[in-house]
Amino acid sequence: MQHQGNFRPASKKAIRLLRRLVAATAMAVLGLIPVGIRDAEALPSFARQTGQECAACHNGFPELTPYGRLFKLNGYTFTGGNSDLPPIAAMVYGSYTHTQAGQSGGAAPGYGSNNNLTLDQASLFWGGKIADNIGAFAQMTYDGVGKRLSWDNTDVRYANTTSLLGSELVFGLSLNNNPTVTDVWNTTPAWGYPWVASALSIGPAAATIVEGGFAGNVVGANIYAYWNRLIYAEAGVYKTLSNRSLTTLGVDPTGSSSIKNLAPYWRLAVEPKWGRSSWEAGLFGMAATMVPGRVSGFGTDHAVDVGIDTQYQFLADRDSISFQGSWITENQSLSASQVLGNASNGRDHLRSLHAKATYYYDQTYGATFGYFKYDGTSDANQYSAVSAANSPNSDGWIAELNYIPFNHGGPAFWPWLNMKLGLQYTWYDKLNGGTTNYDGAGHNASDANTLYLYSWFAF
Amino acid sequence: MIETNAPTGARAGLAVFGGMAIFTTLTLLASCATPSKEDAVVGTEHVCSSCHGVDGKSVSPTFPRLAGQQKAYLVVQLKAFRDHTRADPHAHTYMWGMAARLDDATIDGLAAFYASLPPAEGTPGDPADVAAGKKLFAEGDDAHNVPACGGCHGDQAQGGDVFPRLAGQHRDYIERQLAAFSSNARANQIMHDNMKDITPEEIHQLAAYLRSL
């Protein structure tokens with residue numbers, strides 16, 4: 001039985017109303033968007049709509065420039081280009097993955113133990129203006145490794161501008177399906193680094209809920225305001241979709257947790273700019289009461305995430321430097337998981353740190369170096385399947401080289417073609433609690449070191 | 001904790017209702033606001049301001065300051081972006097697309113709007129560079145076939161008609177344009193003739209002086 005506390009009837013009514021509103025919104029979004037994906041990047045349909053090169057909005061995509069941030073905050077509605085094609089784009093990317101040690105039994109069903117070539121994703125996008133103040137970014141993705149077609153990152157916006165205290169106020173409403181997909185700085189999880197990663201290698205098992213824990217499983221309504229191009233505030237609520245809705249959208253709900261009532265999300269940021277520099281510092285957070293595994297009757301878990309993030313960009317005429325970092329702290333109350341035997345402790349903590357620096361020359365040749373770290377409470381039932389030490393602790397490094405030949409416009413036969421080639425190497429100091437024999441099955445953290453070569457096309 | 005679940009949801013619900021109320025109010029205010037310019041110009045200028053600044057005083061030197069710029073110059077440039085006759089690299093990256101669908105009336109309205117804004121204040125630079133640039137601006141440099149600039153651009157670099165205002169402009173922007181005239185990347189026969197033999201040091205000095213005005 002769930003304790004209702006001092007839940008007031010009026011509030012109950014409000015929540016029922018809100019549920020209907022969110023459900024109606026979800027239906028509206030689905031009706032509006034014929035197709036809807038993961039890791040969407042420089043969209044050729046946006047370039048067609050604005051008539052601008054990808055480099056106007058992206059500093060080595062998907063990282064956004066100040067102009068790219070305004071384009072998104074203004075609801076993807078800026079126009080200019082003289083193309084009459086509908087705002088539809090497509091993306092395909094494939095890769096080669098080599099891990100330091102092979103994975104016995106195959107890296108995934110249908111794949112060999114090592115040195116795998118694969119189609120990672122094929123996506124269709126709706127990206128652009130719908131009406132004067134309404135625009136959308138919506139992605140539908142075929143996951144080549146999981147062999148599944150599903151909706152992916154979706155963000156439908158209404159945006160407008162007014163004046164507050166003598167300065168510009170851009171404000172809007174977003175209906176979306178992933179906490180932080182609305183964000184315009186590349187520090188928060190949905191659009192944070194690494195932009196892409198191999199689906200055929202082993203990585204850290206732990207992640208906070210705001211790091212994709214609800215991606216594609218929820219619908220959210222967020223309102224936001226950006227004042228004087230300096231201060232940004234956003235607040236939203238998320239609600240999980242039913243198993244049936246998720247199945248319709250191509251998402252496998254197996255094992256996913258549902259949110260009880262609504263989960264609030266919030267974001268604050270400040271971004272001073274001077275010369276060619278822009279610097280952002282912000283906070284974001286999410287709280288969710290969850291029914292783990294959607295198994296009711298055992299109570300609920302509760303998690304609160306608070307993140308701090310920062311970004312610095314220096315955009316010169318030919319080259320650029322950027323830095324992004326985030327540090328998320330999560331407090332977990334695991335009453336239901338404890339009863340279900342999925343957690344040993346009543347309360348756990350988990351922290352996630354990501355930082356990276358990038359240099360781009362001519363928006364074409366890029367080098368990135370990053371670091372990541374997860375650490376938290378040891379918990380046998382949460383982590384024993386992957387960790388002999390029952391620990392979520394992992395840390396490692398990523399080095400990446402990129403080549404984006406068409407960032408200043410594609411070849412004459414198809415000017416809206418964009419392409420990105422990547423050579424990425426990830427190595428682990430520690431994985432799931434250990435350096436040697438971390439899983440009790442004789443595997444070392446270095447076995448998971450991954451060479452990832454990818455080619456990405458959008459058109 | 002379970003005990004806090006319902007109130008958390010209720011608080012979130014009320015917060016959203018409050019937010020929606022604010023959102024609706026802002027939308028109404030925005031729709032009721034009486035634009036001081038033609039609608040097409042207002043909408044377009046909002047996009048322009050993303051890079052050129054809400055007051056026409058851009059922050060990044062990638063984008064020129066337009067506040068107080070000569071109207072006739074802006075009209076000529078916007079039409080040159082539209083028909084691709086201005087083809088320096090930044091024109092291609094940003095302005096070809098921006099200008100592609102501007103009609104003559106909107107171009108005229110935008111140019112009048114930016115011309116009406118008070119120009120940016122000057123930014124002091126290295127005194128030696130500023131002094132050398134001032135001399136170059138006033139007298140030219142016969143050794144490098146650079147004529148005096150003030151003849152067309154005005155004694156105070158305020159511009160006139162199709163000759164642009166240069167006073168208070170970003171130094172990097174001026175330097176890039178002068179180099180583009182020199183190399184003919186920005187096609188303009190008069191400015192190419194004036195700049196084809198100028199030295200990088202002189203460009204730097206001129207830009208320092210113009211930014212300081």
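Protein chains get the first letters and strands the later ones, always in sequence-line order, with residue 1 at the start of each.
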Turns out that what part of A:Thr79 lies under 4.5 Å from chain B's heavy atoms comes down to backbone
Turns out that what part of A:Leu315 lies under 4.5 Å from chain B's heavy atoms comes down to backbone
d(A:Phe78 CZ, B:Cys48 SG) to nearest 0.5 Å is 9.5 Å
Whatever's closer than 4.5 Å to a heavy atom in chain B on A:Ala235 counts as neither
Open item on the list: Counting neighbours of CG on A:Leu268 that are heavy atoms of other residues, nucleotides or ligands and sit closer than 6.0 Å, is the number greater than 12?
Closed with: yes
- Message: Within the 4.5 Å heavy-atom criterion, are B:Ser50 and A:Arg69 side-chain neighbours or not?
- Response: no
If one checks every heavy atom of A:Asn133 against chain B at 4.5 Å, the contacting part turns out to be neither
*A:Trp279 atom CH2, over 12 foreign heavy atoms within 6.0 Å*: no
Take atom NZ of B:Lys134 as the centre, draw a 6.0 Å sphere, and report whether it contains more than 12 heavy atoms from other residues, nucleotides or ligands.
no
One option among A:Ser278, A:Ala55, A:Gly275 has the most heavy-atom pairs under 4.5 Å with chain B, and it is A:Gly275
When A:Thr77, A:Thr161, A:Leu70 are each screened for side chain to side chain contact (heavy atoms under 4.5 Å, CB included) with B:His46, the one that passes is A:Thr161
Under 4.5 Å to a heavy atom of chain A? For B:His170 that would be neither
Under 4.5 Å to a heavy atom of chain A? For B:Ser49 that would be both
Q. Does some side-chain heavy atom of B:Asp172 sit less than 4.5 Å from a side-chain heavy atom of A:Arg276?
A. yes
query: So, does A:Gln52 use its side chain to make a donor-acceptor pair with the main chain of B:Tyr94 at under 3.5 Å?
result: yes
Scanning both residues in full, the closest heavy-atom pair of B:Val59 with A:Trp274 reads CG1-CA, 3.7 Å
- Go through B:Arg176 and A:Asp317 one step at a time and tell me if the side chain to side chain contact (heavy atoms under 4.5 Å, CB included) criterion holds. CA-CA 9 Å; B:Arg176 197 168 61 243; A:Asp317 284 331; 2.4 Å; yes
